[in-house]
Amino acid sequence: MSAPIMPAVLVAMPEEAQAFLDLADHHEGLNSPDDAWIVTSGELTYLLVVTRIGMVAAARATALVAHGVIGGIAPSVIVSAGTCGGIPGHVQVGDIVAPCCSLDWSADSTSVGYEYGQVPGHAEFHESDERLVELAVAAGAKKGYLASANAFAVAESVDLIRERFPKVIATDMESAAVSQVAASAGIPFLSVRCVSDMCQGDGGVEFDEHLDDAAARSARATLDVLARAAQEGALA
């Protein structure tokens with residue numbers, strides 16, 4: 001019997017997963033290495049997985065999803081959802097971001113001939129699915145580059161990111177890893193994130209203050225994009 005095919009939505013934190021479960025008509029927990037559910041919302045059924053925070057955790061969980069280990073499901077698309085930090089001047093708290101490309105802002109192998117953000121043996125950045133980005137932008141999301149690293153971006157990080165990656169409009173700690181694994185597996189990728197803090201001052205306080213609202217906004221935007229994509233057959 002062939003594996004069921006559906007979108008896979010990956011979030012880093014339980015709070016971000018709860019935002020999706022709050023919008024569900026039905027959800028069923030799975031016996032898996034990670035907290036995971038098959039969720040139905042309207043006519044859309046999808047796999048929801050909590051990866052935990054950080055690039056390594058995100059890459060590990062994405063690999064399990066990509067190869068059907070979680071729930072025996074073959075993902076039609078992998079979405080990195082949840083919250084993100086905003087680059088001042090590009091976005092504001094509450095904005096939805098649907099990056100066209102994701103990169104690792106901490107990667108620096110320039111001494112041996114690679115570009116900033118490029119991990120040796122890999123591309124400089126990994127592109128999101130173009131049609132899915134178009135649908136997100138049509139629904140109000142902002143398009144640009146997203147930069148990830150195993151670091152909570154603060155003012156000093158923003159200075160470095162602005163200098164090396166002027167197209168970056170937001171940061172997180174997972175999407176670049178998720179996109180790299182998805183690209184290696186040949187699975188379409190999309191990130192739909194909501195800005196929870198502006199990567200300046202005491203970003204942790206601002207993040208905590210806006211976490212639940214930003215998670216809810218990301219969940220609604222993600223489901224909207226996937227529903228639109230399903231209607232036009234873009235998830236096949």
Side-chain angles (χ1 to χ4, degrees), residues 8-12 51 53-63 65-67 75 77-91 95-137 141-195 198-199 218 222 225 234:
V9 176
L10 277 57
V11 297
T51 67
I53 296 170
M55 300 277 271
V56 174
R60 181 198 59 81
T62 307
V65 169
H67 294 285
V77 60
I78 293 177
V79 182
S80 176
T83 60
C84 66
I87 301 297
H90 291 289
V91 293
D95 283 347
I96 298 295
V97 174
C100 58
C101 304
S102 301
L103 57 86
D104 180 349
W105 65 261
S106 68
D108 182 0
S109 296
T110 55
S111 63
V112 288
Y114 291 90
E115 300 294 329
Y116 283 120
Q118 185 175 16
V119 176
H122 297 276
E124 276 183 65
F125 50 79
H126 295 285
E127 296 182 359
S128 300
D129 182 86
E130 184 176 1
R131 181 55 187 152
L132 295 178
V133 173
E134 289 175 354
L135 289 173
V137 171
K142 296 195 173 182
K143 178 181 176 181
Y145 283 44
L146 183 145
S148 305
N150 278 321
F152 193 89
V154 294
E156 292 79 7
S157 313
V158 170
D159 291 340
L160 183 149
I161 290 168
R162 285 187 188 280
E163 177 184 352
R164 295 180 178 177
F165 313 105
K167 294 181 180 180
V168 167
I169 65 172
T171 71
D172 70 10
M173 298 177 68
E174 295 84 26
S175 287
V178 177
S179 67
Q180 182 173 322
V181 175
S184 297
I187 299 170
F189 167 80
L190 177 69
S191 180
V192 181
R193 296 276 180 151
C194 181
V195 179
M198 292 305 300
C199 301
S218 171
T222 299
V225 171

Locate the shortest heavy-atom distance separating [X] from [Y]; write the atom from each residue and the value.
| X | Y | value |
| --- | --- | --- |
| Thr51 | Ala61 | CG2-CB, 3.6 Å |
| Val77 | Ile187 | CA-CG2, 4.0 Å |
| Val97 | Ala141 | C-CB, 4.5 Å |
| Pro99 | Ser191 | CD-O, 3.3 Å |
| Gly86 | Val91 | CA-CG2, 3.5 Å |
| Pro75 | Val65 | CD-O, 3.4 Å |

Taking atom [atom1] of [X] and atom [atom2] of [Y], what is their separation to the nearest 0.5 Å?
| X | Y | atom1 | atom2 | answer |
| --- | --- | --- | --- | --- |
| Cys194 | Asp95 | SG | CG | 7.5 Å |
| Glu127 | Phe189 | CD | CZ | 12.0 Å |
| Ser80 | Leu146 | OG | CG | 8.0 Å |
| Tyr145 | Glu124 | OH | CD | 8.5 Å |
| Met198 | Thr171 | CE | OG1 | 9.5 Å |
| Gln180 | His122 | CD | NE2 | 4.5 Å |

Checklist line | Pairs involving residues 106-116, ordered by first then second residue, that meet side chain to side chain donor-acceptor pair (under 3.5 Å) (sequence neighbours left out) | finding: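 Matches after skipping sequence neighbours: Asp104-Ser106, Asp108-Thr110.
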
Notebook entry, point to check: Does any N or O in the side chain of Ser218 come within less than 3.5 Å of the main-chain N or O of Val192, such that one atom is a donor and the other an acceptor?
Noted result: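 The answer is yes, because a donor-acceptor pair under 3.5 Å joins these two groups.
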
Next item on the list: Indicate yes or no for a side-chain donor-acceptor contact from Ser128 to the backbone of Leu190 under 3.5 Å, with no hydrogens or angles considered.
Entry: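 Side chain of Ser128 to backbone of Leu190: no pair is present.
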
Notebook entry, point to check: Can you pull the salt bridge (charged side-chain N to carboxylate O under 4.0 Å, His left out) pairs that have at least one residue in residues 168-190, sequence neighbours excluded?
Noted result: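 The answer is Asp172-Arg193, Glu174-Arg193.
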
Contacts table for residues 151-163: side-chain donor-acceptor under 3.5 angstrom, sequence neighbours left out:
unit_1	atom_1	unit_2	atom_2	d
Ser157	OG	Val154	N	3.1
Arg162	NH1	Pro88	O	3.4
Arg162	NH2	Pro88	O	2.4

Note to self: Tell me every residue that passes salt bridge (Lys or Arg N to Asp or Glu O under 4.0 Å) with Asp129, counting only those two or more places apart in sequence or in another chain.
What the structure shows: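 Residues passing salt bridge (Lys or Arg N to Asp or Glu O under 4.0 Å) with Asp129: none at all.
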
Margin query: Run the salt bridge (Lys or Arg N to Asp or Glu O under 4.0 Å) test against Arg131 and tell me which residues pass, sequence neighbours left out.
Written below: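 For Arg131, the residues satisfying salt bridge (Lys or Arg N to Asp or Glu O under 4.0 Å) (neighbours in sequence not counted) are Glu134, Glu232.
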
Note to self: Would Cys100 and Lys143 count as a side-chain contact (heavy atoms from CB on, under 4.5 Å) here? Give the steps.
What the structure shows: CA-CA 6 Å; Cys100 58; Lys143 178 181 176 181; 3.8 Å; yes

Note to self: Checking Phe165 against Leu103 for the side-chain contact (heavy atoms from CB on, under 4.5 Å) test, could you report, in this order, the C-alpha distance in whole Å, the side-chain angles of both residues, the deciding distance, and whether it holds?
What the structure shows: CA-CA 9 Å; Phe165 313 105; Leu103 57 86; 3.9 Å; yes

Check: Val181: what forms a side chain to side chain contact (heavy atoms under 4.5 Å, CB included) with it, not counting sequence neighbours?
Finding: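 For Val181, the residues satisfying side chain to side chain contact (heavy atoms under 4.5 Å, CB included) (neighbours in sequence not counted) are Ala59, Thr62, Ala63.
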
With the side chain counted from C-beta on, respond yes when [X] and [Y] share a heavy-atom pair under 4.5 Å apart, and no when they do not.
| X | Y | result |
| --- | --- | --- |
| Met173 | Met55 | no |
| Val79 | Leu10 | no |
| Val168 | Trp105 | no |

